[in-house]
There are 2 protein chains.
Amino acid sequence: MTQDDTNTRPTLRDVARHAGVSLGTASKALNKAGTLRQETREKVLSAARELGFRPNDLAQALHRGQSFTVGLISNDSFGRFTMPIMEGLETVLHEAGIALFMCNATDDPEREKRHIDQLLGKRVDGLVFTGRRADRRPAPGLSLGGLPTLYVFSQGDEPGAPCLLPDDEGGARLATEHLVSLGRNRIAHVSGPEDFEAVRLRRRGYEAAVPTLDPDLVLHGPWSEAWGREAGARLLALPRKPDAIFAGNDQIARGIVEALRERQVGIPDDIAIAGFDNWTVMAEATRPPLTSVDMNLKTLGEEAGHRLIRMIKGEKLTGTTRLPCTLVPRASTQPTA
Amino acid sequence: MTQDDTNTRPTLRDVARHAGVSLGTASKALNKAGTLRQETREKVLSAARELGFRPNDLAQALHRGQSFTVGLISNDSFGRFTMPIMEGLETVLHEAGIALFMCNATDDPEREKRHIDQLLGKRVDGLVFTGRRADRRPAPGLSLGGLPTLYVFSQGDEPGAPCLLPDDEGGARLATEHLVSLGRNRIAHVSGPEDFEAVRLRRRGYEAAVPTLDPDLVLHGPWSEAWGREAGARLLALPRKPDAIFAGNDQIARGIVEALRERQVGIPDDIAIAGFDNWTVMAEATRPPLTSVDMNLKTLGEEAGHRLIRMIKGEKLTGTTRLPCTLVPRASTQPTA
DNA sequence: TTGAAAGCGCTAACAC
DNA sequence: GTGTTAGCGCTTTCAA
């Protein structure tokens, strides 16, 4: 450690003293503002370097009334969905010199309230809510006083709240059309619990793209491999078996694949399978690897960052935007490739 | 919105004015400090409530020279390991009124440096490094000036750096002893790449507990299900097959299970299997469900929080501490239960 | 070109 | 009991 081991860092005043100039001069030199003699500027800069000076953003924020800080409230325990969103968000915000305060609300409204309160105390310039599932969530029991607020992979309760979501319906259509393009016309859909909005939307996308709709071919259950296995078995027991299956997520898809595999059904030759989420550890470990719909969550996070920055600049954004999903084809729908 | 929609929040001075008292009095009332008449206190509190007053932590921090804020640097893209650590950490710190600033370094040293610089600017009271793997990481190319710093699931480069890690060796011993207690004595070990310290430690724990050591029964490869399947096949091709397998993680374990299952090997009757990580989506979806070693990462995060708080209070902590792992028994080692 | 001084919102020591 | 005041570290006029 070249520095002394105390936690008190040098102030601008220290730098000024060290350089033998006034406080204001030092400030100008470091902020490349005003007009200064090159020599003076150098003097200050080298003094700053020597002392290991780093301006105190807190003081700066206090002065400017802007903290260059944004809060993130998640109830996902920072899981699979929030992670990539956060990553995209963080990248964009960091680029703009904005740091991210992260809080985990874990569905406890009391705790969420305390978190928001803490963030307000830190005078965050904006707030992002995100969640485990893209459904509507109750409004925070706290006045946000016009603070720029954005919901990502999650929906606000207040009307017109700006929301950013994946286009589940479009993604489902994409997957179904892909199966249709393979020449399949008896396409089943095995999905999750119907109280998820995403489940209803994906089903709608499926229904829009499927050639003929057979209610026997649509099954709902929990989000699990076990359910996928059970559903796979059921579909095989049908008098007229499907020739393709679009699953509501990759876990279900994997369960289906295993059920078929054990019964010597050829994938994709007899039955082609597509999943949703493009959860790579799952999709790639499946045999054969799983074609899946990617929600592009990182992009969603990046877009959230851009929008939040615009809102912080004063722009008013409202309403729900859905960003397109992408199909990632793998062997479970592609015979040879 | 009951509040006006501007982002300028009321200050303490506003509250004081509204309550018809002085600034100092208002401060005392809100901080429950000094001696005040009950009536005055009430007056101030209700004024504060009316205006929706929330003290500005930035100003407070500036005054006190403490920000009640801690930075977290991760290179895990906030994945499977960092998540539970973060959750534990956040819980404990929040209890102490400390907020968590989160940064994603993604193995880019330049970006990590910028992040640390930003955190120093925010005058964080401490720093936590965490990572994707528990190995030594290069020191940040930046003087931290005596800032309390803690490594969790990750190791600092500087000698004596305080590190908090799971006891991989003990966990491996636990799993192996469990298999021995089942009466198995030909126990194989299939693990990940040897350049992971965790792999070497787990192997050491295995070697310490295994009844007889047969080099043919120890296999290293990538962290994947595919490798598990391949290793499973290899072990079954051995002239003297194992009667139990301890896998270096749950993905490998699952691959092994699938390989055995396809070859009609009874699990656990013929061969018992244990994994590592207790990654529930994986362990529970395996058939039969997987016995696995849990690293208790949330506890690790909590302990990190407690230690960091002690360090912030001025205590000096050094050296590496390893926290115990736990065995979570499931059907892959338990015949009937 | 540089210095002096006011003030961001809050706390704490000291008057009254 | 309550009011006044001096800063915390920085930016930004305004004077010199």
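Side-chain atoms are counted along with the backbone in the values below, which use heavy atoms only and exclude waters and symmetry mates. Lettering of chains follows the sequences in order, A, B, ..., and the numbering in each one begins at 1. Please read these numbers as outputs of a predicted model, since none were measured by experiment.
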Does OP1 or OP2 of C:dG3 have a side-chain N or O of A:Ser22 closer than 4.0 Å? yes
Comparing nearest nucleotides in DNA chain D, the 5'-proximal residue of the pair B:Arg123, B:Gly20 is B:Gly20
When B:Leu36 and B:Leu62 are each assigned the nearest nucleotide of DNA chain D, the 5'-most assignment goes to B:Leu36
Separation of [X] atom [atom1] from [N] atom [atom2], in whole Å?
X: A:Arg17; N: C:dA4; atom1: CZ; atom2: C1'; value: 15 Å
X: B:Arg13; N: C:dC8; atom1: CZ; atom2: C1'; value: 10 Å
X: B:Leu58; N: D:dG7; atom1: CG; atom2: P; value: 22 Å
X: B:Leu30; N: C:dC10; atom1: CG; atom2: P; value: 9 Å
X: A:Arg54; N: D:dC10; atom1: CZ; atom2: P; value: 10 Å
X: A:Asn56; N: D:dG7; atom1: CG; atom2: P; value: 18 Å
X: A:Asp57; N: D:dG9; atom1: CG; atom2: P; value: 14 Å

Counting only N and O atoms by type, is there a donor-acceptor contact under 3.5 Å from the side chain of B:Thr130 to the main-chain atoms of B:Val152? yes
Contact class for B:Thr35 vs. all strands (heavy atom < 4.0 Å): base, sugar-phosphate, or nothing? base
ask   = With under 30° as parallel and over 60° as perpendicular, where do the rings of B:His94 and A:His115 fit, or are they tilted in between?
value = tilted
Does [X] come within less than 4.0 Å of [Y], counting only side-chain N to carboxylate O?
X: B:Arg54; Y: A:Asp117; value: yes
X: A:Lys313; Y: A:Glu315; value: no
X: B:Glu303; Y: B:Arg307; value: yes

For B:Glu197 and B:Gln155, which I'm curious about, is there any donor-acceptor pair between the side chains at under 3.5 Å? yes
One should read off an interatomic distance between B:Thr91 OG1 and A:Asn104 CG, to the nearest 0.5 angstrom, of 7.0 Å
Out of C:dT1, D:dT2, C:dC10, minimum distance to the side chain of B:Thr40 belongs to D:dT2
Between A:Arg322 and A:Pro166, the two heavy atoms sitting closest are NH1-O, 2.9 Å
Applied to residues 15-26 of chain A, the salt bridge (Lys or Arg N to Asp or Glu O under 4.0 Å) test, sequence neighbours excluded, yields A:Asp14-A:Arg17
Whether each nucleotide of nucleotides 11-16 of chain D has a protein heavy atom under 4.0 Å at its base (B), only at its sugar-phosphate (S) or at neither (-) is summarised, 5' to 3', as BB----
Axis-to-axis angle across the helix from C:dT1-D:dA16 to C:dC16-D:dG1, five pairs each end, nearest 10 degrees, ~ 50°
